[in-house]
Amino acid sequence: MGDEKKPKVGVWPTVKPFVNGGVSGMLATCVIQPIDMIKVRIQLGQGSAAQVTSTMLKNEGVVAFYKKKCSLH
């Protein structure tokens, strides 16, 4: 009677999973990229995680965490 649920109408219920997936992927990339860049520089023998991070920030700024190539000094 009055408790019947109406079917969802509109595009949002259909598009929502795709939007959520896209936003999740972008957020994950923004978080993982800096961690991966630090890992690569540690593997290249540039020091510990703290040393690499502080050197990157001091010499190249925040942008260094999102560069495609790792510059070797």
Side-chain angles (χ1 to χ4, degrees):
M1 306 225 184
D3 294 334
E4 294 177 19
K5 291 185 179 181
K6 295 179 183 178
K8 293 183 180 180
V9 179
V11 176
W12 180 245
T14 305
V15 175
K16 185 178 176 182
F18 297 101
V19 172
N20 284 340
V23 171
S24 298
M26 290 185 283
L27 181 62
T29 300
C30 290
V31 171
I32 296 300
Q33 176 66 26
I35 295 169
D36 191 50
M37 184 61 76
I38 293 168
K39 177 199 69 152
V40 168
R41 291 189 182 205
I42 291 169
Q43 290 173 339
L44 290 171
Q46 294 183 0
S48 68
Q51 290 170 334
V52 168
T53 304
S54 65
T55 302
M56 286 173 70
L57 284 172
K58 183 174 66 175
N59 295 339
E60 304 169 59
V62 176
V63 177
F65 294 103
Y66 295 97
K67 286 184 180 178
K68 286 188 175 186
K69 295 183 179 179
C70 180
S71 60
L72 299 174
H73 298 119

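When all heavy atoms of Gly10 and Thr14 are compared, the pair lying nearest together is O-OG1, 4.4 Å. The heavy-atom pair separating Ile42 from Val52 by the smallest distance is CG1-CG2, 4.0 Å.
Among residues at least two apart or in separate chains, salt bridge (charged side-chain N to carboxylate O under 4.0 Å, His left out) pairs with a member in residues 24-36 are Asp36-Lys39.
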Considering only distance and modelled atom types, tabulate donor-acceptor pairs under 3.5 Å from the side chains of residues 20-32, sequence neighbours left out.
from  : atom 1 : to    : atom 2 : distance (Å)
Ser24 : OG     : Asn20 : O      : 2.7
Thr29 : OG1    : Gly25 : O      : 3.0

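Exactly one of Glu60, Gln33, Met56 qualifies for a side-chain contact (heavy atoms from CB on, under 4.5 Å) with Phe65. That residue is Met56.
Put simply, Tyr66 and Leu57 are part of the same group of oily side chains (I, L, V, M, F, W, Y) that touch within less than 4.5 Å, one to the next.
When the side chain to side chain contact (heavy atoms under 4.5 Å, CB included) test is applied to Val11, the partners found at least two apart in sequence or on another chain are Val15.
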